[in-house]
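As a basis for the values below, the full set of heavy atoms in this structure was taken, side chains included, without hydrogen atoms, waters or symmetry mates.
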Amino acid sequence: MPSNDVRTLLHTAVPTLAVGALATVIAGVVSGGKGALGAVAGTLVVVLFMGIGLVVLQRTARSLPQLFQAMGLMLYVAQLLLLFIFLALFKDTTLFDFKAFAFTLLATTVVWVAAQARAYMKAKIMYIDPDKTGPKS
């Protein structure tokens with residue numbers, strides 16, 4: 001993975017994990033152990049889904065740059081649908097507190113998307129490849 005990709009991943013995962021840790025503490029205080037477990041599960045789901053999506057998006061940008069924007073939009077829609085499916089599947093679970101899971105899922109998703117947008121805006125990515133030579137005369 002190129003250094004820009006790793007930097008983007010770090011700039012998105014670290015704030016998300018920090019919010020997930022805060023949500024785990026809050027859920028643990030409010031709902032006990034099941035609340036903390038729900039918050040941890042929500043954080044892990046978001047980091048896993050969004051992390052995989054980021055890797056797929058970076059590989060698409062590298063191999064098929066003309067599809068980058070369309071792929072990004074399709075990927076975000078697919079991720080949101082998967083998160084809704086996850087919420088529907090675990091709606092009646094007794095493994096953990098569902099409210100802590102859902103609120104953590106929402107909070108960490110918002111933080112991930114905001115951090116990813118910020119990372120892309122601050123990245124100094126060249127739009128011209130200096131390694132390629134110009135047209136031969």
Side-chain angles (χ1 to χ4, degrees):
M1 197 180 246
S3 64
N4 281 342
D5 298 348
V6 173
R7 190 175 303 118
T8 301
L9 184 61
L10 282 175
H11 286 161
T12 54
V14 170
T16 304
L17 290 171
V19 168
L22 180 65
T24 301
V25 170
I26 292 170
V29 169
V30 172
S31 300
K34 285 195 172 202
L37 187 60
V40 167
T43 303
L44 290 178
V45 166
V46 168
V47 170
L48 181 69
F49 280 5
M50 298 296 190
I52 290 171
L54 183 63
V55 170
V56 168
L57 194 60
Q58 293 301 333
R59 289 182 187 232
T60 300
R62 201 171 306 110
S63 61
L64 301 166
Q66 69 274 16
L67 293 178
F68 180 72
Q69 187 174 16
M71 183 68 170
L73 291 172
M74 192 270 317
L75 186 67
Y76 286 129
V77 169
Q79 286 173 333
L80 289 176
L81 286 174
L82 281 173
L83 291 176
F84 284 131
I85 289 169
F86 239 78
L87 284 172
L89 286 175
F90 287 106
K91 188 169 120 176
D92 297 321
T93 189
T94 57
L95 294 172
F96 48 77
D97 184 36
F98 177 73
K99 284 185 181 180
F101 174 73
F103 283 122
T104 303
L105 202 69
L106 177 65
T108 52
T109 300
V110 168
V111 168
W112 181 283
V113 171
Q116 188 174 0
R118 183 178 185 275
Y120 278 127
M121 286 190 315
K122 293 190 71 78
K124 299 197 180 356
I125 300 171
M126 291 188 202
Y127 59 91
I128 297 173
D129 192 1
D131 294 335
K132 297 204 178 193
T133 59
K136 295 187 179 187
S137 308

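- Heavy-atom minimum distance, Leu83 versus Thr109: CD1-OG1, 3.5 Å.
- When all heavy atoms of Ala107 and Val19 are compared, the pair lying nearest together is CB-CG1, 4.3 Å.
- Going from atom CG of Leu89 over to atom CD1 of Ile85 covers 7.5 Å, rounded to the nearest 0.5 Å.
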message: With side-chain contact (heavy atoms from CB on, under 4.5 Å) as the criterion, how do Phe84 and Leu87 come out once you've worked through the C-alpha distance, each side chain's angles and the decisive distance to 0.1 Å?
response: CA-CA 5 Å; Phe84 284 131; Leu87 284 172; 4.3 Å; yes
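- Taking both residues in full, the closest heavy atoms of Leu9 and Gly51 are given as CD1-CA, 4.5 Å, listed atom of the first, atom of the second, then distance.
- More than 12 heavy atoms of other residues, nucleotides or ligands lie within 6.0 Å of CD in Gln66, so this atom counts as buried by the packing criterion.
- Linking ILVMFWY residues whenever their side-chain heavy atoms come closer than 4.5 Å, directly or via other members, leaves Leu22 and Val29 in distinct clusters.
- A continuous path of ILVMFWY side-chain contacts below 4.5 Å connects Phe90 to Val46, so both sit in one hydrophobic cluster.
- Atom CG in Leu44 sits 8.0 Å away from atom CG in Leu17 (nearest 0.5 Å).
- Smallest separation of non-hydrogen atoms from Leu105 and Thr108: O-OG1, 3.3 Å.
- Hydrophobic clustering places Met74 together with Leu54 (ILVMFWY residues linked when any side-chain heavy atoms are closer than 4.5 Å, directly or through intermediates).
- Both Phe49 and Val56 belong to a single network of hydrophobic side chains, linked directly or stepwise wherever heavy atoms of I, L, V, M, F, W or Y lie under 4.5 Å apart.
- Two residues are said to be in side-chain contact when any heavy atoms from C-beta on lie closer than 4.5 Å; Leu37 and Asp97 fail this criterion.
- In terms of heavy-atom proximity, Ala27 sits nearest to Ala100 at CB-CB, 3.7 Å.
- No side-chain donor-acceptor contact under 3.5 Å links Ser31 to the backbone of Gly28.
- Linking ILVMFWY residues whenever their side-chain heavy atoms come closer than 4.5 Å, directly or via other members, leaves Val110 and Leu80 in distinct clusters.
- The closest donor-acceptor contact from the side chain of Lys34 to the backbone of Thr94 lies under 3.5 Å.
- Using a 4.5 Å heavy-atom threshold, the side chains of Met71 and Leu57 count as touching.
- Remark: side-chain polar atoms of Gln116 are not paired, donor with acceptor, to backbone N or O of Thr8 under 3.5 angstrom.
- Separating the OG1 atom in Thr12 from the CH2 atom in Trp112 is a distance of 3.5 Å, to the nearest 0.5 Å.
- Evaluation of the ring pair (Phe, Tyr, Trp, His ring centres under 6.0 Å) test over residues 6-40, restricted to residues two or more places apart or in two chains, returns none.
- The two atoms that bring Ala41 and Phe96 nearest to each other are CB-CE2, 4.3 Å, heavy atoms only.
- In this structure, the separation between CG on Leu64 and OG1 on Thr60 is 6.5 Å, given to the nearest 0.5 Å.
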